[in-house]
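This report refers to the structure that appears directly beneath it.
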Protein chains: 2
Amino acid sequence: MVEDTRALPSPAETLELLPGYLLRRAATAMMSELSARLAPLDLRISDATLLLLVSDRHDLTSSEIGKVLDIQRANMVPLLNRLEAAGLVRREPIDRKSQAIVLTEAGQDHLAKVKSITASFEDDLLARIPAQHRAHLVPALRALIG
Amino acid sequence: MVEDTRALPSPAETLELLPGYLLRRAATAMMSELSARLAPLDLRISDATLLLLVSDRHDLTSSEIGKVLDIQRANMVPLLNRLEAAGLVRREPIDRKSQAIVLTEAGQDHLAKVKSITASFEDDLLARIPAQHRAHLVPALRALIG
DNA sequence: AAAATATTGCTATGGTCAATAGCTTTTACG
DNA sequence: CGTAAAAGCTATTGACCATAGCAATATTTT
């Protein structure tokens with residue numbers, strides 16, 4: 001009996017070999033864990049990503065951020081409103097049409113915490129991957145994004 | 001005016017090395033492509049996954065399917081209602097509490113098409129990954145889910 | 001310079017997906 | 001028995017993404 005490590009007749013076997021399916025499952029599992037780790041900061045994943053992206057730049061507009069993060073203009077609005085309401089971000093006029101998104105001091109403070117949380121999170125993620133596969137994940141994912 | 005040949009100083013570089021971020025991006029890109037390929041069948045990804053899982057089994061309950069697919073009981077309901085309304089799935093009483101989810105004939109037909117779509121989709125996915133990384137993706141993802 | 005076009009930021013709305021709480025009925029177990 | 005667990009459901013909420021459209025401004029073309 002001992003060598004039957006796989007207890008189940010595994011109705012899921014069909015699925016567990018499909019990279020697409022695995023990708024989805026891995027992404028949702030990863031995101032729910034990251035959400036939990038960010039919860040103490042009261043930040044969502046998109047919030048934290050935006051903080052990381054903006055960092056100490058003073059020249060990024062909402063549209064540009066949206067392009068990089070693949071978030072549509074319309075959906076940037078509530079995101080920025082929330083961050084602005086939380087005092088983490090400021091809208092600074094560039095000209096009369098555009099405005100730069102800039103971190104406030106509180107935003108910089110949060111950013112530091114975000115950095116430490118994400119760094120250890122990424123470490124933990126990679127640590128779960130058997131060593132011989134570890135280095136291949138990032139290049140493979142990048143190829144998938146194209 | 002400004003000969004800004006390299007359009008971006010790559011504000012995204014920070015992010016593109018984070019496995020967590022890449023995982024999310026790769027998953028959403030993959031899902032939107034798969035959705036498009038399933039659209040002709042009028043199936044969503046979860047629908048197709050369920051068809052693949054049930055296949056020709058006659059003993060899977062809604063709860064069991066949910067456990068395998070990581071979908072909560074409550075969220076199985078609208079999914080099954082939709083599939084039942086589309087005539088792809090039937091609820092067959094097991095006892096007075098449980099019911100088996102079974103594919104109808106139309107469901108079997110759809111399943112065959114789903115199989116062919118997903119097979120070529122997975123092939124295409126893998127083809128995008130440089131050969132030396134290809135074999136590592138599935139084990140790495142499984143480790144992340146595990 | 002004037003006119004056409006593109007971009008920016010926004011409103012409003014709807015759809016998908018998942019999470020939670022709670023309910024009823026039925027089965028399992030000490 | 002009687003209590004606990006499980007099954008299926010309702011209802012609601014929230015996060016996230018997509019579309020359409022608008023007003024103001026900037027850019028490009030003529």
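Throughout, a chain's letter reflects where its sequence line sits, starting with A, and its residues are numbered from 1. A quick note: this is a predicted structure, and the numbers were derived from the prediction, not measured.
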Rounded to whole Å, how long is the line connecting atom [atom1] of [X] with atom [atom2] of [N]?
| X | N | atom1 | atom2 | result |
| --- | --- | --- | --- | --- |
| B:Arg25 | D:dC17 | CZ | P | 10 Å |
| A:Leu38 | D:dA15 | CG | P | 14 Å |
| A:Gln99 | C:dT8 | CD | P | 12 Å |
| A:Met76 | C:dT11 | CE | P | 14 Å |
| A:Asp59 | C:dT8 | CG | P | 13 Å |

Indicate yes or no: does [X] engage [Y] in a salt bridge with an N to O separation below 4.0 Å.
| X | Y | result |
| --- | --- | --- |
| A:Asp123 | A:Arg128 | no |
| A:Arg91 | A:Glu84 | yes |
| B:Asp95 | B:Lys97 | no |

Under a 4.0 Å heavy-atom cut-off, which of residues 85-97 of chain B touch DNA chain D?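 The answer is B:Arg91, B:Lys97.
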Is there a side-chain contact between B:Ser98 and the phosphate of C:dT27, meaning an N or O under 4.0 Å from OP1 or OP2?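 For C:dT27, OP1/OP2 do not have a side-chain N/O of B:Ser98 under 4.0 Å.
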Is B:Lys67 near enough to D:dA6 that one of its side-chain N or O atoms lies under 4.0 angstrom from OP1 or OP2?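 It does not, given that no N or O in the side chain of B:Lys67 lies less than 4.0 Å from OP1 or OP2 of D:dA6.
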Which one, D:dT10, D:dG8, C:dT8, comes nearest to the side chain of A:Arg73?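 Nearest to the side chain of A:Arg73 among the choices is C:dT8.
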Does atom CD of B:Glu105 have more than 12 heavy-atom neighbours, drawn from other residues, nucleotides or ligands, at distances under 6.0 Å?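 Open.
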B:Asp42 CG: over 12 foreign heavy atoms closer than 6.0 Å: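 12 or below, so no.
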B:Leu22, B:Leu126: one ILVMFWY side-chain cluster at the under-4.5 Å cut-off?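 Linked, B:Leu22 and B:Leu126 end up in one cluster.
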What does nucleotides 13-19 of chain C look like as a protein-contact string, B for base, S for sugar-phosphate only, - for none, at under 4.0 angstrom between heavy atoms? ---SSBB
Going through the checks in order, is the side-chain contact (heavy atoms from CB on, under 4.5 Å) test met by B:Leu144 and B:Leu23? CA-CA 11 Å; B:Leu144 286 182; B:Leu23 193 52; 4.0 Å; yes
Pair B:Tyr21-A:Leu69, side-chain contact (heavy atoms from CB on, under 4.5 Å): steps then yes or no: CA-CA 10 Å; B:Tyr21 179 71; A:Leu69 299 188; 3.7 Å; yes
Give the C-alpha distance, both sets of side-chain angles, the deciding distance and a yes or no for side-chain contact (heavy atoms from CB on, under 4.5 Å) between B:Leu43 and B:His110. CA-CA 9 Å; B:Leu43 291 179; B:His110 267 60; 3.9 Å; yes
